[in-house]
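Structure first, then comments.
These figures come from a predicted structure and were not determined experimentally. Scope of the values below: all heavy atoms of this structure, side chains included, with no hydrogens, waters or symmetry mates.
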Amino acid sequence: IPDGLTPTEAGLLRWVRAVVDQVEAASQVEPYRLRVREKERQLARMSREQARTVEEEHEKVLKAAEERGIPSSLFPLERPWSLFPWYEQLGPRASCEESLRLAIGL
């Protein structure tokens, strides 16, 4: 603190220095904020494109299924594997597998 300042002037000087430091720190962080904002936009754009692609492919599958006489209810969009015949494909479980499932509470 320079000599000859009143306590009020010294307090005001400290406040101005703190404000200047804050503004400088904010200006140093601004490029990173801009990058984060751009990455968020890219992520949102990619999510929209992915959702659109999923919907387009689902429509293609439904159209192909309709052409072949397969009910479209077999192709749920939200849970695509829910109707898969897991047991028929994987066969019966071995006794050791069943014992393990029981032991861990599945």
Side-chain angles (χ1 to χ4, degrees):
I1 297 176
D3 291 337
L5 292 179
T6 65
T8 304
E9 291 170 335
L12 182 60
L13 181 60
R14 282 193 302 274
W15 179 81
V16 168
R17 285 182 179 166
V19 168
V20 168
D21 290 344
Q22 176 65 28
V23 169
E24 286 177 354
S27 68
Q28 291 175 351
V29 172
E30 189 60 26
Y32 299 107
R33 287 184 183 155
L34 293 175
R35 273 198 257 170
V36 167
R37 217 174 292 143
E38 180 58 31
K39 294 297 180 185
E40 287 172 344
R41 283 190 209 113
Q42 286 177 358
L43 180 61
R45 187 171 40 253
M46 288 171 54
S47 295
R48 285 190 305 270
E49 290 172 3
Q50 190 261 344
R52 186 173 40 248
T53 301
V54 167
E55 288 178 19
E56 289 171 358
E57 291 298 319
H58 190 250
E59 290 298 321
K60 286 179 187 176
V61 167
L62 291 179
K63 186 180 283 186
E66 183 180 322
E67 290 171 359
R68 290 168 178 78
I70 301 171
S72 62
S73 62
L74 294 177
F75 302 96
L77 181 60
E78 297 301 316
R79 296 180 41 206
W81 295 105
S82 63
L83 300 175
F84 187 79
W86 294 105
Y87 185 78
E88 289 80 7
Q89 289 296 318
L90 300 176
R93 293 186 174 97
S95 61
C96 62
E97 183 181 2
E98 195 60 38
S99 299
L100 179 61
R101 286 184 74 248
L102 292 173
I104 60 174
L106 291 179

Sequence neighbours left out, cut at 3.5 Å: what donor-acceptor pairs do the side chains of residues 26-42 make with other protein atoms?
unit_1: S27; atom_1: OG; unit_2: V23; atom_2: O; d: 3.4
unit_1: S27; atom_1: OG; unit_2: E24; atom_2: O; d: 2.7
unit_1: E38; atom_1: OE1; unit_2: R41; atom_2: NH1; d: 3.1

Worksheet item: Mind checking whether L13 and V19 sit in one hydrophobic cluster, side chains of I, L, V, M, F, W, Y counted as touching below 4.5 Å?
Response: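 Result: no, two separate clusters.
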Worksheet item: side chain to side chain contact (heavy atoms under 4.5 Å, CB included) between L77 and V54: does it pass, once the steps are laid out?
Response: CA-CA 9 Å; L77 181 60; V54 167; 3.8 Å; yes
Worksheet item: Residues two or more places apart in sequence or in another chain: which of them pass ring pair (Phe, Tyr, Trp, His ring centres under 6.0 Å) with W15?
Response: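 Ring pair (Phe, Tyr, Trp, His ring centres under 6.0 Å) check on W15 returns nothing, list empty.
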Worksheet item: Could you state the interatomic distance from CE (M46) to OG1 (T53), rounded to the nearest 0.5 Å?
Response: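 That separation rounds to 11.0 Å.
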Discussion item. To the closest 0.5 Å, what do you measure between NZ (K63) and CZ (R68)?
Written reply: 12.5 Å
Response to the item:
For L74, the hydrophobic cluster (side chain heavy atoms closer than 4.5 Å, chained through members) also holds V61, L62, I70, F75, L83
Worksheet item: Is it true that atom CD of E66 has more than 12 heavy atoms of other residues, nucleotides or ligands lying nearer than 6.0 Å?
Response: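 Counting other residues, nucleotides and ligands, CD of E66 stays at 12 neighbours or fewer.
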